[in-house]
There are 2 protein chains.
Amino acid sequence: MRIGELSRATGIPVPTIKYYLREGLLPAGELSSPNQAAYGEAHVRRLRLVRALVDLAQVPVAQVKEIVASLDADDVPLHDQIGRAHRALIPARKQTASAEAREVATAEVRELLQRRGWQVEADGPALATLIETVATFHTLGQQNLVGFLDAYAAAVEQFTELEVEAVTAHPTRDQVAESVVIGTILGETVISSLRLLAQESISARRWS
Amino acid sequence: MRIGELSRATGIPVPTIKYYLREGLLPAGELSSPNQAAYGEAHVRRLRLVRALVDLAQVPVAQVKEIVASLDADDVPLHDQIGRAHRALIPARKQTASAEAREVATAEVRELLQRRGWQVEADGPALATLIETVATFHTLGQQNLVGFLDAYAAAVEQFTELEVEAVTAHPTRDQVAESVVIGTILGETVISSLRLLAQESISARRWS
DNA sequence: CGTTTATGGATACTGATACTATCCATCGGA
DNA sequence: TCCGATGGATAGTATCAGTATCCATAAACG
């Protein structure tokens with residue numbers, strides 16, 4: 001397959017594919033001569049994944065690069081590879097809350113993890129984001145939202161158990177890593193959409 | 001309060017505050033003379049909200065403008081105002097999936113809503129995003145993820161009931177609308193962080 | 001075999017977003 | 001009275017995500 005066919009197969013313009021190649025979102029094709037490369041089904045799959053992340057999940061290109069790099073790093077133990085993919089999925093966020101608010105939030109989150117018996121890295125980005133957000137609840141005068149943490153955590157626990165199970169059931173390791181990425185990122189847009197729909201449905205029922 | 005004090009109170013540079021004023025994220029201060037305006041506590045609150053949305057939740061400035069406009073539109077029935085706020089919270093996404101995939105996804109989502117008895121607008125953006133995402137599961141060869149829809153919906157139902165209840169319990173209508181915005185947007189980052197932490201904790205337990 | 005079209009690679013340009021910087025006439029406080 | 005801050009306008013900057021152009025070469029067609 002040459003680049004034009006790759007473009008037709010995916011609906012992505014040739015210049016954009018060239019851009020993705022430059023940025024390392026897509027591995028180079030097999031070169032047969034200095035200006036002739038062959039692409040395969042793997043490239044089509046990869047491009048579809050990139051587009052889903054960029055267009056649907058609105059993941060920045062730089063972050064997509066990290067994500068696909070983790071998918072291609074299959075020369076380490078599977079567990080390490082999944083860890084790397086998982087880390088690449090978490091966006092960096094600016095710290096915004098005051099130090100005092102963050103301290104209060106840190107304590108609240110720590111207690112939550114204790115209550116639920118969750119064992120997580122003490123300095124991971126997901127934990128930092130959670131703490132920052134809870135701290136922001138305080139600075140915005142929405143302390144009552146802190147009370148929802150347990151309800152959210154309990155709900156999340158339910159399906160996460162199933163997700164982890166499903167992921168480990170995949171036959172090949174490429175599929176395992178890829179399904180971690182897709183399941184986590186697109187799963188988030190699913191959950192978010194469902195939440196908005198549930199809010200709409202429930203509040204409509206309450207007002208009629 | 002003059003703009004310098006507003007800047008000191010929030011930690012936001014004066015030029016940025018001027019930019020937010022220009023963009024309509026912040027209402028103008030009370031003008032006492034052509035180059036002298038007074039800002040109040042409401043401005044401090046609003047700036048904190050804007051910063052939380054922009055920095056923490058990474059909402060684009062143009063969308064924040066819609067959101068705050070909905071908060072200020074308190075001359076319509078509360079129910080309409082909340083509807084407008086709710087709509088402003090849903091980002092627009094490009095359509096990416098093929099027509100066939102979208103058709104399959106539409107049927108699957110429709111059945112889901114039927115099963116759960118959710119009554120929602122047939123052409124809302126949240127529904128469109130959900131359909132688009134399910135369609136993408138198909139084009140990425142991750143049909144198995146469609147099986148998670150019920151688990152996600154069931155989990156989401158649990159806490160949404162509580163959320164709607166809590167929101168309606170607020171004493172004043174500004175607080176109602178504002179807590180819809182904060183609860184929905186920051187609630188999403190909380191849920192997302194908790195999900196990642198749960199994944200980390202559960203998969204660590206499974207591999208040790 | 002010659003001509004048109006496509007290709008890989010490099011470099012330059014574009015439009016959108018989110019600020020920053022500068023300017024200026026005016027105002028308020030020491 | 002005079003110096004720094006203010007409101008408002010306009011211009012400049014950095015980053016991001018592509019697009020566009022150019023070129024020498026290679027493939028496809030008549």
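Note that the structure is a prediction, hence the values are computed from the model and not measured. Naming: A, B, ... by sequence-line order, numbering from 1 per chain.
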Check whether any side-chain nitrogen or oxygen of [X] sits under 4.0 Å from OP1 or OP2 of [N], and answer yes or no.
X: B:R51; N: C:dC19; answer: yes
X: B:Y20; N: C:dA18; answer: no
X: A:T16; N: D:dT19; answer: yes

Under the rule for side-chain contact (heavy atoms from CB on, under 4.5 Å), what residues qualify as partners of [X], not counting sequence neighbours?
X: B:V104; value: B:E108, B:H138
X: A:D74; value: A:Q81, A:R173
X: B:N35; value: B:S33
X: B:D80; value: B:V76, B:P77

>> Minimum heavy-atom separation for B:E121 and B:L127, please, with both atom names.
In response: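 Scanning both residues completely, I find the closest heavy atoms to be O-CD2, 3.5 Å.
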
>> Please give me the minimum heavy-atom distance between B:P27 and B:L21, naming the atom from each residue.
In response: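 B:P27 and B:L21 have their closest heavy atoms at O-CD2, 3.5 Å.
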
> Looking at DNA chain D, which of residues 55-66 of chain A put a heavy atom within less than 4.0 Å of it?
Replying inline: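 Residues of residues 55-66 of chain A under 4.0 Å from DNA chain D: A:P60, A:V61.
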
>> According to salt bridge (Lys or Arg N to Asp or Glu O under 4.0 Å), does anything in residues 36-50 of chain B pair up with another residue at least two apart or in another chain? List the pairs.
In response: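 Residue pairs with at least one partner in residues 36-50 of chain B: B:R45-B:E178, B:R46-B:D72.
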
> Residues two or more places apart in sequence or in another chain: which of them pass ring-ring contact (aromatic ring centres under 6.0 Å, His included) with B:F159?
Replying inline: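 With sequence neighbours excluded, B:F159 shows a ring-ring contact (aromatic ring centres under 6.0 Å, His included) to A:Y152, given in chain and number order.
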
> Which residues pass the ring-ring contact (aromatic ring centres under 6.0 Å, His included) test with A:Y19, sequence neighbours left out?
Replying inline: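 Counting only residues at least two positions away or on another chain, A:Y19 forms no ring-ring contact (aromatic ring centres under 6.0 Å, His included).
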
>> Of the options D:dG18, C:dT20, C:dT7, whose atoms approach the side-chain atoms of A:Q36 most closely?
In response: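 For A:Q36, the side-chain atoms sit closest to C:dT7.
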
> Base, sugar-phosphate alone, or nothing: which one does B:V14 contact when heavy atoms must sit under 4.0 Å apart?
Replying inline: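 Answer is nothing: B:V14 stays at 4.0 Å or more from every strand.
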
>> Can you list, in residue-number order, the parts of residues 3-12 of chain A that come under 4.0 Å of DNA chain C, counting heavy atoms only?
In response: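 By residue number: A:I3, A:G4.
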
Whole angstroms only, please: what is the [atom1]-[atom2] distance between [X] and [N]?
X: B:I17; N: C:dT20; atom1: CD1; atom2: P; answer: 12 Å
X: B:L53; N: C:dT17; atom1: CG; atom2: C1'; answer: 17 Å
X: A:M1; N: C:dT7; atom1: CE; atom2: C1'; answer: 15 Å
X: A:E23; N: D:dT15; atom1: CD; atom2: P; answer: 14 Å
X: A:N35; N: D:dA28; atom1: CG; atom2: P; answer: 12 Å
X: A:E30; N: D:dA26; atom1: CD; atom2: P; answer: 17 Å

Table please: side-chain donor-acceptor pairs of residues 83-90 of chain B below 3.5 Å, with sequence neighbours left out.
residue : atom : partner : partner atom : Å
B:H86   : NE2  : A:Q199  : OE1          : 2.8
B:R87   : NH2  : B:G83   : O            : 3.4

Strictly under 3.5 Å: I want the nitrogen or oxygen pairs between protein and nucleotides 8-12 of chain D, one per line.
residue : atom : partner : partner atom : Å
D:dG8   : N7   : B:K18   : NZ           : 3.3
D:dG8   : O6   : B:K18   : NZ           : 3.3

>> Quick check on DNA chain D: between B:K94 and B:R2, whose nearest nucleotide comes earlier from the 5' end?
In response: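 First, find each residue's nearest nucleotide; the 5'-ward one identifies B:R2.
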
>> Which residues pass the side-chain hydrogen bond (donor to acceptor under 3.5 Å, both in side chains) test with A:T189, not counting sequence neighbours?
In response: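 For A:T189 the side-chain hydrogen bond (donor to acceptor under 3.5 Å, both in side chains) partners, ignoring immediate neighbours, are B:T133.
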
> Do NZ/NE/NH1/NH2 and the carboxylate oxygens of B:E132 and B:R102 come within less than 4.0 Å?
Replying inline: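 The answer is yes: the pair qualifies as a salt bridge.
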
